[in-house]
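Right, one structure below, let's go through it.
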Amino acid sequence: MRPMFNAPQGSPAEAVAQGVRRMLSTKVERFTESVIREMTRLAMKHDAVNLAQGFPDFPCAPEIKEAARQAIADDDNQYAITWGQKPLRDALVEKFARTQGVTIDPEREITVTCGSTEAMMAVMMAVINPGDEAVIFEPFYENYGPDVILSGAQPRFVSLRPPDWSFDRDELAAAFGPRTKAIIVNTPNNPTGKVFTREELEFIRDLCVRWNAFAITDEIYEHILYDGAEHISMAALDGMRDRAIVVNGMSKTYTVTGWRVGWAIAPPGPTEAIRKVHDFLTVGAAAPLQAAGAVALRLPDSYYAQLADKYRAKRDLMLGILTGAGFNCIKPKGAYYIMTDISRFGAKDDVAFAKYLIEEIGVAVVPGSSFYNDPAGPGSQQVRFAFCKVDETLHAAGERLSRLKPR
Ligand code: GLN
């Protein structure tokens, strides 16, 4: 794997001077294909249990499937309004008011996108100018790397440190400055399972206010919470209404990662810009699936309680399996991943260990370095397990992992 943020060899101007025409984008040369998604392909090739990419192997709720079937049968099959079908935007308004106590305007503050992946990219492209900096907590979900490069932002990394993945307030404050355009916060966090506390979010808020920056928060795991952890949206904090941009989607909450229905909630000014980027990137998300989204977002509170409960049981099962196999685990408070320390296995690094796990043990994971800027950093002795799988899958992985020999 190549480091993501190192400049490629030679500038476009140098290439021209040498008489070499660069046929491909230098921006794109600065990142690799997704390691997470590559691991899924390798898992299939080696018939490994896939605990790499975070998608569930169990079905979504029947009423959500039925709503999609019905929408197709009713011929809801043409383009939706580019920024999202009205019933879905109305359902989003209701749900955000119900869960976060924040009233948003469905006409001026919502953009429905093709998954939260597109939402994040569209947001970045809508607000970043050359020279702007984006503060990113590290380890970070790997997409933010290419998001930053393609939008042209300069990343400023701030460490989340084990065992509780807390950050140093001075380090964070030092990462902000007059060039800071935004901070990206993912809570509940992938890959660490950290859930940012109100105090932490308020500290971040104060820096955003001080430096006139946006907080772009990826809240895709908002309902996957354990041990009484509470999800607080950045948009719900006093003083953040005009600078919080919330990225979210149906994938994780409703077990439909393949539907690609997401959204960005932002103040009217940024929303206008986000909608323009979104329109020319994708025109819109799948119309009948947006219709099903409007049904999903109105599911009762009991749905979300059951979802969290189900994942809590899986987390505990997986923690038992991994600890038994010799991994040092950090217990997640949210999301559905476990970051583990692998130093007891004596592998050269995380990539070598992940390769060994896939090819020899038969379990696919994500190498820790995919979540860090410097592959030689702490990620080189970490791997991430996803536990959003039926218990049989987790047990099958457990059986295979029991062949590992920790020192
Ligand atoms: N967010 C999930 C993960 O981290 C899936 C990413 C993706 O492939 N879109 O594994």
Side-chain angles (χ1 to χ4, degrees), residues 1 4 31-44 48-58 60 113-124 136-147 150 160 165 184-195 216-225 247-264 281-282 285-286 289 307 311 314-315 318 330 332 334-340 350 354 357-358 363-372 379 382-389 393-394 397:
M1 249 155 297
M4 276 184 169
F31 56 90
T32 63
E33 69 167 308
S34 158
V35 176
I36 296 178
R37 294 179 276 283
E38 181 192 2
M39 287 297 146
T40 287
R41 290 194 295 276
L42 285 176
M44 289 161 94
V49 178
N50 186 0
L51 303 187
Q53 194 178 9
F55 63 88
D57 64 353
F58 45 84
C60 76
T113 57
C114 297
S116 62
T117 295
E118 191 221 335
M120 181 59 83
M121 182 67 86
V123 167
M124 293 291 285
I136 300 176
F137 288 109
E138 188 182 44
F140 54 90
Y141 173 46
E142 65 167 3
N143 279 35
Y144 306 155
D147 288 344
L150 290 172
L160 297 175
W165 302 108
I184 299 178
V185 183
N186 173 212
T187 182
N189 186 261
N190 174 9
T192 66
K194 174 187 175 68
V195 179
I216 304 172
T217 59
D218 178 346
E219 305 185 3
I220 192 85
Y221 301 98
E222 65 173 323
H223 292 290
I224 304 177
L225 297 164
V247 166
N248 207 332
M250 290 183 70
S251 292
K252 317 288 173 164
T253 303
Y254 304 107
T255 314
V256 288
T257 60
W259 281 17
R260 316 312 302 130
V261 177
W263 49 83
L281 270 181
T282 64
L289 304 184
L307 182 84
Y311 277 123
K314 293 189 184 302
R315 177 199 64 169
M318 200 60 207
I330 298 180
Y336 49 49
Y337 308 100
I338 300 175
M339 271 294 248
T340 60
D350 60 315
L357 273 190
I358 285 197
V363 176
V365 297
V366 180
S369 59
S370 329
F371 305 101
Y372 291 83
Q382 295 169 341
V383 297
R384 187 196 79 173
F385 286 84
F387 58 82
C388 45
K389 308 291 172 182
T393 308
L394 300 179

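Numbering of ligands and ligand atoms starts at 1, following listing order. Count residues from 1 along the sequence.
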Has E142 got any heavy atom lying under 4.0 angstrom from an atom of ligand 1? no

Taking all non-hydrogen atoms of both residues, which atom of A386 and which atom of Q53 are closest, and how far apart? CB-O, 4.2 Å

Side chain, backbone, both or neither: the part of R384 lying under 4.0 Å from ligand 1 by heavy atom: side chain

Sidechain-backbone polar pair: N248 side chain, E219 backbone, donor-acceptor under 3.5 Å: yes

Would you confirm whether E118, through its side chain, and T282, through its main-chain N or O, come within 3.5 Å as a donor-acceptor pair? no

Pairs of nitrogen or oxygen atoms closer than 3.5 Å, one from T117 and one from ligand 1: do any exist? no

Without swapping roles, check the side chain of T187 against the backbone of N189 for a donor-acceptor pair under 3.5 Å. no

Is there a nitrogen or oxygen of I36 sitting under 3.5 Å from a nitrogen or oxygen of ligand 1? no

Please compare Y221, F371, Y336, Y141 and report which has the shortest non-hydrogen distance to atom 6 (C) of ligand 1. Y141

N190 heavy atoms within 4.0 Å reach ligand 1 at atoms 1 (N), 3 (C), 4 (O)

for atom 9 (N) of ligand 1, nearest protein heavy atom and its distance come out as R37 NH1, 3.2 Å

Give me the nearest non-hydrogen protein atom to atom 5 (C) of ligand 1 as residue plus atom name, then the distance to 0.1 Å. K252 NZ, 3.7 Å

N/O donor-acceptor pair under 3.5 Å between K389 side chain and F55 backbone: yes

Taking P188's backbone N and O only, do any of them form a donor-acceptor pair with N186's side chain (distance below 3.5 Å, no angle check)? yes

Assess the pair Y337 and Y221: is the distance between their ring centroids shorter than 6.0 Å? yes

I'd like to know if Y337 contacts ligand 1, where contact means a heavy-atom distance under 4.0 Å to any ligand atom. yes

Structural part of Q53 in contact with ligand 1, heavy atom criterion under 4.0 angstrom: both

Is there a donor-acceptor contact under 3.5 Å from the side chain of K252 to the main chain of G54? yes

Heavy-atom distances under 4.0 Å decide this one: backbone, side chain, both or neither, for I220 against ligand 1? neither

At under 4.0 Å between heavy atoms, is it the side chain or the backbone of R260 that contacts ligand 1, or both, or neither? neither

